[in-house]
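To start, the structure itself, in structure tokens.
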Amino acid sequence: MHKLLERQLKQVRRASASGALDLDALLALVDAAYTEADRERSYTNHAHKVMREEQADLLKRQLQTTEAIARMGAEKAEAERARIAAEAELLKQERLSLLGQLTASVAHELRNPLSTIRNTIHAIYQAAQKKGFQIDRQMARVERTIDRCDGIIDDLLDYAGTRELNPAPLGLDTWLGEILDAEKVPERITVERRFAAQSVLVPIDSERLRCAIANLIENAAEAMLDAPDLAERRITVSTHAAATPTGAMAEIVIADTGPGMPADVLARAFEPLFSTRAFGTGLGLPTVKRIIEQHDGDMVIGSVPGAGTRVQIRLPTAAAKNSQAA
Amino acid sequence: MKVEQRVWHAAQGWSVTESDGPISPSLVLFFASPGTLDDGKRFADIKSAYPRAALLGCTTGGEIAAVDVHDGAVVATAIEFAHTQVKFAEDEVAPGKSAFDIGAKIAASLPAQGLHNVFLLSDGTQVNGTELVAGVQHVLGRDLCLTGGLAGDGANFGSTKVGLNGNPASGKVVAVGFYGDRIRVGYGSVGGWDAVGPERVITRADGNTLYDLDGEPALDLYKQYLGAEAANLPASALLFPLRIHPKGRPDESLVRTVVGIDAMKKAMIFAGTIPKGHIAQVMLGNFDQLIAGAGRAAEKAAIPEAKLAILVSCIGRKLLLGQRIGDEVEAVSAVLGGNCRTTGFYSYGEIAPLENLPVCDLHNQTMTITTFAEM
């Protein structure tokens with residue numbers, strides 16, 4: 001006999017004054033036991049259902065919270081990166097401003113004595129000629145040295161950006177073609193043109209940007225001349241127009257078949273005063289970058305040792321500039 | 001040590017159900033169904049049967065005698081100690097007097113010298129059991145072995161009554177201290193409920209009143225769990241006890257059970273303190289685990305040569321187990337053996353040391369057992 005039924009029988013007999021079995025009372029107890037079991041099953045199932053739903057809801061909220069925390073973390077990291085970049089840019093501008101003032105002052109102070117030296121040397125040269133002394137070779141060396149000093153002063157002024165830009169909208173391909181026509185490139189090197197921005201007008205300070213392009217061409221040429229084992233010495237200058245998220249841009253790419261740069265040199269390519277050449281000032285590429293940036297453009301260098309170097313310059317078109325101004 | 005037990009039923013009157021022979025008891029414990037004591041006759045019967053004994057008892061949510069659980073009965077258990085003295089203390093609820101004050105006064109009334117153990121019975125609806133226990137411990141120390149329970153009123157949560165040498169009355173707290181070096185006392189308190197709901201933070205509570213869990217009204221949450229059973233509140237809330245513990249310290253878990261609700265404030269009133277900031281988790285009963293829990297409590301309480309076991313089990317267990325409630329008493333008896341008489345009652349709160357820590361506290365939803373032997 002089931003324990004529960006035994007207990008029910010005992011309870012029914014206990015409730016009877018005579019101890020006799022009251023069948024109706026027993027059935028009532030059995031019925032109550034069935035009802036209790038149904039009730040227990042009912043509320044247990046209900047509670048389990050509610051709890052399962054709660055757990056699912058909690059998991060969902062936990063997931064949402066985790067995602068929100070991750071999003072906030074990413075936003076915070078991005079804001080921090082932007083802040084650091086802005087601070088670095090501000091610091092750079094402050095340094096450049098200071099450098100500009102210093103450079104302008106030094107340039108002024110140096111150019112005057114250099115001019116005096118040049119005039120004095122010329123007077124000495126004339127006096128020496130009258131006396132019959134032959135000092136042409138020495139004079140030429142002094143002149144070259146003075147010119148080099150002038151060049152360094154020009155580089156410093158360009159890098160410091162103290163010169164105001166004087167931009168005018170020019171047809172990119174036409175302008176670039178004239179630059180390349182005038183550029184004296186050693187005969188062993190071929191220059192290939194692949195122009196595809198014929199009708200694109202770009203606001204350009206012709207003289208400043210010419211210096212930048214010429215500097216890049218000369219860098220490419222020198223790199224190839226310094227490498228004796230190259231199968232081909234070719235500079236490819238290409239242009240095309242590109243649509244970017246920030247508007248229409250004109251692109252100039254100068255690629256060479258030279259020896260390329262090791263990664264450690266490439267990483268420092270835009271670092272002022274860093275040079276791999278014995279007589280380099282280390283201001284060439286930083287100055288080119290400054291000029292491009294003054295044109296609201298950007299510049300990227302890619303280089304693979306043994307496969308050449310590729311410089312990509314992007315400049316906003318006149319249309320894009322006008323659109324921004326509007 | 002001798003024990004004699006009598007049970008009264010309306011249909012059959014008194015009958016002696018257990019006896020170790022002629023007895024001269026110093027203590028009679030009696031547990032009575034609500035209403036059975038109202039005319040004073042049952043108390044007078046007990047007094048008449050054991051005129052020289054101190055009578056200590058309360059109303060219940062069910063009475064335990066041997067392996068039977070009764071409703072509508074009075075169970076009187078007379079105890080004759082061979083080497084143990086018993087001393088008594090009592091106090092009652094009064095305006096401006098806290099449960100802590102009552103506990104402290106009770107403890108101060110019991111001589112500390114030679115005190116081995118205290119068994120305490122308290123009103124079950126007017127006294128915060130946590131504070132009561134804290135008051136006793138404040139005077140007698142936290143190492144004292146204190147067991148007992150809060151009186152019951154069936155599943156009605158109305159008036160509960162406690163008495164010492166008089167017909168039980170509302171608002172009373174009584175205690176018996178056991179003295180001597182030959183008494184041995186064992187105890188065990190185990191629930192067996194499953195904590196199944198998600199963990200929540202108690203965000204608003206005051207004393208033994210719980211308002212909010214995770215910022216939401218606790219009563220709404222309970223109604224959600226109860227579904228159709230919500231119509232039977234507060235009794236049906238006993239089906240879902242609350243496990244609480246300090247944040248990060250689950251080993252100090254306590255189980256709290258509802259003794260009332262405040263529908264206007266959407267608040268729930270518990271038998272013990274509900275500390276704000278603690279973690280709370282709703283629990284759900286399972287027949288087999290509750291019965292196994294009772295057996296485990298007996299294993300903890302078992303001592304050699306135990307002659308008497310007082311079982312204080314929660315009314316919530318009785319409501320859940322229904323007619324199968326006898327299974328948990330049988331599980332206890334199976335562990336303690338036939339030589340150990342059992343008495344006890346279904347309560348609104350149990351007092352015993354924690355399951356995992358040797359510190360006494362108020363519990364709910366447990367089977368709490370105190371065993372006695374004399375060497």
Side-chain angles (χ1 to χ4, degrees), chain A residues 1-69 72, chain B residues 7-13 15 17 65-73 194-200 213-214 216 220-232 236-240 281-287 290-291 318-331 334:
Chain A
M1 190 183 293
H2 192 279
K3 264 197 312 187
L4 181 56
L5 188 55
E6 269 183 31
R7 206 174 291 134
Q8 287 166 333
L9 284 167
K10 195 173 175 182
Q11 189 176 338
V12 169
R13 287 203 170 98
R14 203 161 53 206
S16 161
S18 64
L21 183 65
D22 180 341
L23 193 57
D24 287 342
L26 178 63
L27 285 175
L29 273 179
V30 171
D31 183 56
Y34 282 130
T35 306
E36 275 176 10
D38 286 348
R39 178 190 173 215
E40 192 266 344
R41 191 168 51 245
S42 169
Y43 76 71
T44 303
N45 287 343
H46 173 77
H48 277 301
K49 178 174 170 286
V50 171
M51 285 171 187
R52 274 197 304 275
E53 288 168 359
E54 277 189 320
Q55 291 285 18
D57 186 50
L58 278 176
L59 277 175
K60 189 177 161 191
R61 278 156 54 190
Q62 192 178 15
L63 193 65
Q64 287 170 343
T65 306
T66 306
E67 285 173 355
I69 289 170
M72 282 163 65
Chain B
V7 179
W8 178 89
H9 279 281
Q12 297 175 334
S15 58
T17 53
V67 293
D68 295 324
V69 177
H70 300 266
D71 281 307
D194 288 329
V196 288
E199 288 194 343
R200 299 167 191 278
L213 290 169
D214 278 350
E216 302 289 334
D220 286 352
L221 174 73
Y222 264 82
K223 283 182 176 173
Q224 196 185 336
Y225 281 138
L226 287 166
E229 291 285 336
N232 301 321
S236 56
L238 288 167
L239 302 170
F240 298 95
Q281 196 173 11
V282 170
M283 305 177 91
L284 193 55
N286 166 298
F287 281 19
L290 289 184
I291 292 162
K318 186 162 177 273
L319 289 180
L320 177 62
L321 288 169
Q323 292 189 45
R324 288 191 58 190
I325 191 64
D327 286 5
E328 73 164 5
V329 180
E330 285 183 7

Portion of [X] that has a non-hydrogen atom of chain B nearer than 4.5 angstrom:
X	value
A:A33	both
A:Q8	side chain
A:A37	neither

### Query
For chain B, which residues of residues 44-53 of chain A have at least one non-hydrogen atom nearer than 4.5 Å to it?
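Residues in range: A:T44, A:H46, A:A47, A:H48, A:V50, A:M51.
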Would you give the length of the straight line joining atom [atom1] of [X] to atom [atom2] of [Y], rounded to the nearest 0.5 angstrom?
X	Y	atom1	atom2	value
B:S15	A:R14	OG	CZ	9.5 Å
B:R200	A:L58	CZ	CG	6.5 Å
A:E36	B:I325	CD	CD1	10.0 Å

### Task
Considering only heavy atoms and a distance below 4.5 Å, find which of B:L226, B:D68, B:V7 pairs most often with chain A.
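The answer is B:D68.
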### Residue selection (most heavy-atom pairs with chain A, distance under 4.5 Å) from B:G326, B:G227, B:G72, B:A228
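Of the candidates given, the most pairs with chain A belong to B:G326.
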### Test log, rule salt bridge (charged side-chain N to carboxylate O under 4.0 Å, His left out), inputs A:E40 and B:R324
CA-CA 12 Å; A:E40 192 266 344; B:R324 288 191 58 190; over 6 Å; no
### Task
Using a 4.5 Å cut-off on heavy atoms from C-beta on, say whether the side chain of B:L221 contacts that of A:E54.
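Result yes, sub-4.5 Å side-chain heavy-atom pair found.
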### Query
Hey, are the side chains of A:R7 and B:Q323 touching, using non-hydrogen atoms and a 4.5 Å cut-off?
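Counting from C-beta outward, A:R7 and B:Q323 never come under 4.5 Å.
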#### Entry: Contact class of B:V69 relative to chain A, heavy atoms under 4.5 angstrom
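Just its backbone gets close to chain A.
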### Message
Report which part of B:D327 has an atom under 4.5 Å of a heavy atom belonging to chain A: side chain, backbone, both, or neither.
### Response
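Contact with chain A is through both the backbone and side chain of B:D327.
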### Query
When you measure from the side chain of B:Q12 to the backbone N and O of A:S16, does any donor-acceptor pair fall under 3.5 Å?
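Side chain of B:Q12 to backbone of A:S16: a pair is present.
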### Task
For A:A15 and B:A11, work out which heavy atoms get closest and say how close.
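For A:A15 and B:A11, the tightest heavy-atom pair comes out as O-CB, 3.0 Å.
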